[in-house]
Amino acid sequence: MPRPIDTILENRLKKLDKLEAGGTQGFPNDFVPDSDTGLLHRRFDEVPPEVLEAETARFGVAGRIMTLRSMGKACFFHFKDRHGSLQVYVRKDVIGDEQFERFGLFEVGDIVGVVGRVMKTRTGELTLLAEAIRLVTKALRPLPEKFHGLQDLETRFRQRYVDLIMNDWVRELFVTRSRIVSHIRSFLDGRGFLEVETPMMHAIAGGAAARPFVTHHNALDIDLYLRIAPELYLKRLLVGGFERVYEINRNFRNEGLSHKHNPEFTMLEFYWAYATFNDLMSLTEELLGGLFAALRGEPAIEIGGKRISMAPPYRKLPLAESLSVVGGLPPDKVADRDFLTALLRRQEVEVIPAWGIGKLQVEVYDKLVESRIEEPTFIIHHPVETSPLSRRNNENPEVVDRFELIIAGREIANAFSELNDPRDQRQRFEDQMRAREAGDDEAHQVDWDYVRALEYGMPPAAGQGIGIDRLVMLATGMENIKEVILFPLLKPEAAEPDTEEPAES
RNA sequence: GGGCCGCUAGCUCAGUCGGUAGAGCAGCAGACUUUUAAUCUGCGGGUCAAAGGUUCGAUUCCUUUGCGGCUCACCA
């Protein structure tokens, strides 16, 4: 028994067969458009019909047929190219019987090339009157419905190509994503930062607290980790003399999936010698203020129906203080070990006795503070206990010169003045090593070569990471990270016979 | 991984208080030379996600599985 979809595929194949039997190629590669929908709209949308009558120029365009209205000896269709869509008017008495008959075998989804002149319809819509039309690519599968388009989330993510064909807003979202990345690159390039690429396959997965993916190199017969952060390599470059470096690329973390987490995600990390985390806060304000102003015309975002100003300066709030100011704790209890432990237990957090006051504070912060912060806020001075790579604060050695930028309850950036004392670094790695031995498999792995690099002397520097996916979510108002990643990770589809060859007729 | 919700034609959706299903678009045949969710006439199209159970009978009720969404946990 043929499945219903097979009938549709066969019908389309039959049309292709007929076209090819008549000498028409189904997949030629020699049609070159000399114009596009954007260009024609810009040039002719405002031109009155009678002026178009006198226009002698001919334009060649190519794109995918999206809707088609046939009326016997004439036909209107809309097609899409990368700039937008345009209507085409095909008349039998203009293109001739033979060509019109061939055109009758074209259908929605096909990619066509049209050469013609511009005109306006009765309703004033700019239209290309076809003088020649040919098939460029035959589509064997039908497009989703023209009015509702493709809605099903799973299909949209699995078959993103169809999503992009049907949903203009999706296409625009990914253009925005690309613009954001371009903006960041030119912002940093303009300030003397050098873009570099560091390894994605690490023998030691360092630079963050996270579980890595493991892979295997056959010839060397060693296990390697997909990187969880580029941090330690970028700082080796500071040692090497590149005083301003950045990298925009993928990190991989072997954690659960959620609407905020994709196993591979894109991070910007940059490092700036002879600067401190205070300089980074100013730079971040400049970067984000400028970015959102460039994207939206004003430094503001819209999220969950709420408007959030992105105009600098942003609030600065020490983490310990945020527990009372935002979290509502009594100010005299924010460093009270028993109080914090009891509080966390009520929140069903499994408190490990080895945790110091700093770790307890961070846990409470994660539970009670972060999600409540809306306006851009730098949470500063994290405990040294949870920041093994950050420089201690000069006045209070229990905290580090670090900030996380929180916007709309989400962490957008994490930055700190870098620790460059190899003695302190060695000590903190040893602490992490003990934590690992105590069963914390997210404690940092020890990277002794990194300590060796520091022993050659790393200039004082500040470094920052910005999650690009989450920044794009913020900029586009999306609540699901899969909406801003072209091909998000999904479980494999069950073997679906839908992709089998249809039976030859 | 836990909890809740969803999965019906290529697409968007109805529906069946348990008696093997409908619409619109798309498709097929036909009419139509300014339409635009074109219109008009006729026609075809479904293992109702999968497996098992209860039942005279299951797409519908129950269980399990798969995939997805939301949410909690971990993280960025």
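All values below come from the heavy atoms of this structure, side chains included, with hydrogens, waters and symmetry mates left out. Everything quoted here is computed from the prediction, not taken from an experiment.
Between A:I248 atom CD1 and B:A76 atom P the separation is 20 Å, expressed in whole Å. The nearest whole Å value for the distance from the CZ atom in A:R156 to the C1' atom in B:C67 is 17 Å. Atoms CE (A:M478) and P (B:A76) sit 24 Å apart, rounded to a whole Å. In this structure, CG of A:L257 is placed 14 Å from P of B:U71, rounded to the nearest angstrom. What separates CD of A:E370 from P of B:C72 is a distance of 13 Å, to the nearest Å.
Applying the salt bridge (Lys or Arg N to Asp or Glu O under 4.0 Å) rule to pairs touching residues 372-381 of chain A yields A:K306-A:E374, sequence neighbours excluded. Contacts classified as salt bridge (Lys or Arg N to Asp or Glu O under 4.0 Å) and involving residues 99-124 of chain A (residues at least two apart or in different chains) are given here: A:R12-A:E107, A:R12-A:D110, A:K15-A:E107, A:E98-A:R102, A:E107-A:K138, A:D110-A:K138. Each side-chain hydrogen bond (donor to acceptor under 3.5 Å, both in side chains) pair with one or both residues in residues 402-414 of chain A, not counting sequence neighbours, appears once here: A:S387-A:R402, A:R402-A:E404, A:R402-A:N414, A:R410-A:E479. Each salt bridge (Lys or Arg N to Asp or Glu O under 4.0 Å) pair with one or both residues in residues 64-80 of chain A, not counting sequence neighbours, appears once here: A:K80-A:D168. The ring pair (Phe, Tyr, Trp, His ring centres under 6.0 Å) pairs that include a residue from residues 104-150 of chain A are A:F103-A:F106, where partners are two or more places apart or lie in different chains.
When the salt bridge (Lys or Arg N to Asp or Glu O under 4.0 Å) test is applied to A:K367, no partner is found at least two apart in sequence or on another chain. Residues satisfying the ring pair (Phe, Tyr, Trp, His ring centres under 6.0 Å) criterion with A:H382, sequence neighbours excluded, are absent altogether. Scanning for side chain to side chain donor-acceptor pair (under 3.5 Å) contacts around A:Q445 gives an empty result, with sequence neighbours left out.
A:K73 comes within contact range of at least one nucleobase, with a heavy-atom separation under 4.0 Å. Here A:M119 lies in heavy-atom contact (under 4.0 Å) with a base. Residue A:G149 is in sugar-phosphate contact alone, with no base atom involved, counting any heavy-atom pair closer than 4.0 Å across all strands shown. Across all strands shown, A:H259 has heavy atoms under 4.0 Å from sugar-phosphate atoms exclusively, and none from any base. Counting non-hydrogen atoms under 4.0 angstrom, A:D366 reaches nothing in the nucleic acid. Contact annotation for A:T155: no contact, since no heavy-atom pair falls under 4.0 Å across all strands. Using a 4.0 Å heavy-atom criterion, one finds that A:A208 contacts no nucleic acid atom at all. Across all strands, A:D469 comes closer than 4.0 Å to no nucleic acid atom at all (heavy-atom distances).
Between the C1' atoms of B:U59 and B:A50, the separation comes to 13 Å (whole Å). Separating the C1' atom of B:U16 from that of B:A21 is a span of 8 Å, rounded to the nearest Å. Nucleotides B:C48 and B:G15, compared at atom C1', are 11 Å apart to the nearest Å. Comparing the C1' positions of B:G1 and B:G44 gives a spacing of 47 Å, expressed to the nearest Å. Straight-line distance between the P atoms of B:A26 and B:A51: roughly 33 Å, to the nearest whole Å. Rounded to whole Å, the separation between the C1' atoms of B:G3 and B:A38 comes to 49 Å. Remark: the separation of the P atoms in B:A23 and B:U64 is 36 Å, to the nearest Å. B:U60 and B:G19 are spaced 11 Å apart, taking the C1' atom of each and rounding to whole Å.
Taking only side-chain nitrogens and oxygens, A:R158 comes nearer than 4.0 Å to OP1 or OP2 of B:G68. Under 4.0 angstrom from either OP1 or OP2 of B:A76 there lies no side-chain N or O belonging to A:N251. Within the 4.0 Å cut-off from OP1 or OP2 of B:U35, not a single side-chain nitrogen or oxygen of A:R69 is found.
Stacking of A:F265 onto the six-membered ring of B:A76 is present: less than 5.5 angstrom between centres, less than 30° between planes.
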For nucleotides 26-29 of chain B, list the nitrogen or oxygen atoms of the protein found under 3.5 Å from its nitrogen or oxygen atoms, one pair per line.
unit_1: B:A26; atom_1: OP1; unit_2: A:K146; atom_2: NZ; d: 3.0
unit_1: B:G27; atom_1: O2'; unit_2: A:N11; atom_2: ND2; d: 2.8
unit_1: B:C28; atom_1: OP1; unit_2: A:K15; atom_2: NZ; d: 2.8

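Using cut-offs of 30° and 60° for the angle between ring planes, the A:F193 and A:F270 rings count as perpendicular.
Across B:U35, B:C70, B:A73, the shortest atom-to-atom separation from the side chain of A:T127 is found for B:U35. Residue A:S258 places its side chain closer to B:A73 than to any other of B:A73, B:G69, B:A38. Which of B:U71, B:U35, B:A73 sits closest to the side chain of A:R122 comes down to B:U35. Of the candidates B:C67, B:A38, B:A73, the closest approach to any side-chain atom of A:K491 belongs to B:C67. Comparing B:G10, B:U34, B:G69 by their nearest atom to the side chain of A:F157 picks out B:G69.
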Contacts table for residues 480-491 of chain A: side-chain donor-acceptor under 3.5 angstrom, sequence neighbours left out:
unit_1: A:N480; atom_1: OD1; unit_2: A:K482; atom_2: N; d: 2.9
unit_1: A:E483; atom_1: OE1; unit_2: A:R156; atom_2: NH2; d: 2.7
unit_1: A:E483; atom_1: OE2; unit_2: A:R156; atom_2: NH1; d: 3.1

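Atom CZ of A:R428 has more than 12 neighbouring heavy atoms from other residues, nucleotides or ligands inside a 6.0 Å radius.
Within residues 86-100 of chain A, the residues having any heavy atom closer than 4.0 Å to RNA chain B are, in order of number, A:Q87, A:Y89, A:R91, A:D93.
A:M310 and A:Y314 get closest at one heavy-atom pair: O-OH, 2.7 Å. Nearest heavy-atom pair, A:A462 versus A:L280, reported as atom, atom and distance to 0.1 Å: CB-CD1, 3.4 Å.
Outside the 6.0 Å centre-distance limit, the rings of A:F292 and A:H183 are not counted as a close aromatic pair.
Stems are defined here as 3 or more consecutive Watson-Crick or G-U wobble pairs with pairing distances under 3.5 Å; those involving RNA chain B are B:1-7 with B:66-72, B:10-13 with B:22-25, B:27-31 with B:39-43, B:49-53 with B:61-65.
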